[in-house]
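Heads up: the structure comes next, in structure tokens.
Computed from heavy atoms alone, side chains included, the values below leave out hydrogens, waters and symmetry copies. Every value quoted in this text rests on a predicted model; they were computed, and no experiment measured them. Reminder, nothing fancy here: chain letters follow the sequence lines and each chain counts from 1.
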There are 2 protein chains.
Amino acid sequence: MADTDHALQPPARLRELASWQANKVSTLGARLTAQRMPLSARADFAVLAALEEYGALSQAEIGRRLGLDRNDVSGILTRLEGGRQVDRQADPANRRRNVVTLTAAGQQHLEELQRHADAVQAELLAGLDAAERQQLQSLLAKLLDSHNPQPA
Amino acid sequence: MADTDHALQPPARLRELASWQANKVSTLGARLTAQRMPLSARADFAVLAALEEYGALSQAEIGRRLGLDRNDVSGILTRLEGGRQVDRQADPANRRRNVVTLTAAGQQHLEELQRHADAVQAELLAGLDAAERQQLQSLLAKLLDSHNPQPA
DNA sequence: GGCCAACGTTGGTTATCCCAACATAGCAGC
DNA sequence: GCTGCTATGTTGGGATAACCAACGTTGGCC
């Protein structure tokens, strides 16, 4: 009912804040995601996707590409390594670093997670038409690019 | 340097996900906010703003308007009540409910938090021009409106 | 009066983001 | 070669938000 829809509106001071709006969209995305897979799989997906696109990476570089704290990267890789989805080895050329690579099982899991991600995206953006989706994502990308990620 | 800027790009599979983009924008907003005030003040701001705009509200209604879990609302109000920024009393008409009202100190704190929020917003959106900001917020609002908040 | 729903509280978990400190390794400058 | 600095990864932790379950009280309906 229109009346009840209106009654539940947040205050204008919040509606005008892009950070609040983005947070709510993010929370919606998380809620839709949780219906399909454990929430921790989002971090897994990010790491697996980076390895697929860029090939072997150091942990530090994974962190820089994904905007993640390096000890969070360490924990994510421990989990993925335990599930045989990545392999990590000390870099012989520079023993401060680990080289992380995607395994075949990891690639398969990435494809499965991508299907979930696509379903979430479709449901999340269902209220926008194709041009609006394109425009929203383009503006979000522009905003993010204007704040370059800092190395961890 | 352009070369290093390009090198730090996240993978395409992430860049295409609006929920990932929204999460990153939200995290940026949090980071900028943390430079100005404790992060918990964001929740305070939301509650104070709702009370200012809609007058006395029950805890349940605060939760519905802000998309918050009702035991999180309880905790936030405990903190605000302790700081004398809100007042809460059992509703004589329906003793299942508390009626929550904004105090003068709460109104003052709201104004102070609004100044911080404005500064964060300006910095967050600095990379977009006025038309782009308007458009981004309009699209985010449309997306959010298409997913009506569920009562807690 | 029994049942169901609403409201608020208490007690908790999970995930993300962030900070600090430490050990090891690599490199440049002297 | 020694020193100082930076890079990398790990261990250990805290803060915040979002979420879940159970309980007690209250109100309304049949």
Could you give the [atom1]-to-[atom2] distance, from [X] to [N], as a whole number of Å?
X	N	atom1	atom2	value
F45(B)	dT16(D)	CZ	C1'	18 Å
R95(B)	dG24(D)	CZ	P	19 Å
L39(A)	dC17(C)	CG	C1'	15 Å
Q35(A)	dC20(D)	CD	C1'	15 Å
K24(B)	dC18(C)	NZ	C1'	12 Å
D44(B)	dA17(D)	CG	P	9 Å
I76(A)	dT10(D)	CD1	P	12 Å
R70(A)	dC22(C)	CZ	C1'	11 Å

Within less than 4.0 Å of OP1 or OP2 of [N], is there a side-chain N or O belonging to [X]?
X	N	result
S74(B)	dT9(C)	yes
R88(B)	dT9(C)	yes
R97(B)	dT26(D)	no
N23(A)	dA18(D)	yes
Q59(B)	dA6(C)	no

Taking the nucleotide of DNA chain C with the closest heavy atom to each, which residue, P92(A) or R79(A), is nearer the 5' end?
-> R79(A)
Which residue lies toward the 5' end of DNA chain C, R42(A) or G75(B), if each is placed at its nearest nucleotide?
->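 Its nucleotide being nearer the 5' end, the pick is G75(B).
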N-O pairing of E123(B) and R36(B) below 4.0 Å =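 So E123(B) pairs with R36(B) through a salt bridge.
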Salt bridge or not for R115(A) and E111(A), using N-O below 4.0 Å?
->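 Looking at E111(A) together with R115(A), the answer is no, because their closest N to O distance does not fall below 4.0 Å.
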So, Q114(B) versus R13(A): side-chain donor-acceptor pair below 3.5 Å or not?
->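 Per modelled atom types, Q114(B) and R13(A) side chains form a pair under 3.5 Å.
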Can you tell me if Q85(B) and R79(B) form a side-chain donor-acceptor pair at under 3.5 Å?
->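 Judged by distance alone, the side chains do not pair up.
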Residue A60(B), side-chain heavy atoms: nucleotide from dG8(C), dC17(C), dG9(D) that is nearest |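 For A60(B), the side-chain atoms sit closest to dG8(C).
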Considering only dC18(C), dC19(D), dT8(D), which nucleotide approaches the side chain of D72(A) most closely?
-> dC18(C)
Using a 4.0 Å heavy-atom cut-off across all strands, classify N94(A) as base, sugar-phosphate, or nothing.
-> sugar-phosphate
Just call it for N98(A): base, sugar-phosphate, or nothing, with non-hydrogen atoms closer than 4.0 Å on any strand.
->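 Contact class for N98(A): sugar-phosphate only.
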Looking at dG8(C), does its base get a donor-acceptor pair with the side chain of R96(B) below 3.5 Å?
-> no
Minimum heavy-atom separation for A18(B) to L140(A), with atom names?
-> O-CD1, 4.4 Å
Q89(A) side chain reached by N98(A) side chain, heavy atoms, under 4.5 Å |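 When only atoms from C-beta onward are counted, Q89(A) and N98(A) do not touch, as no gap falls below 4.5 Å.
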5' priority, DNA chain D, between S40(B) and A30(A) [closest heavy atom] | S40(B)
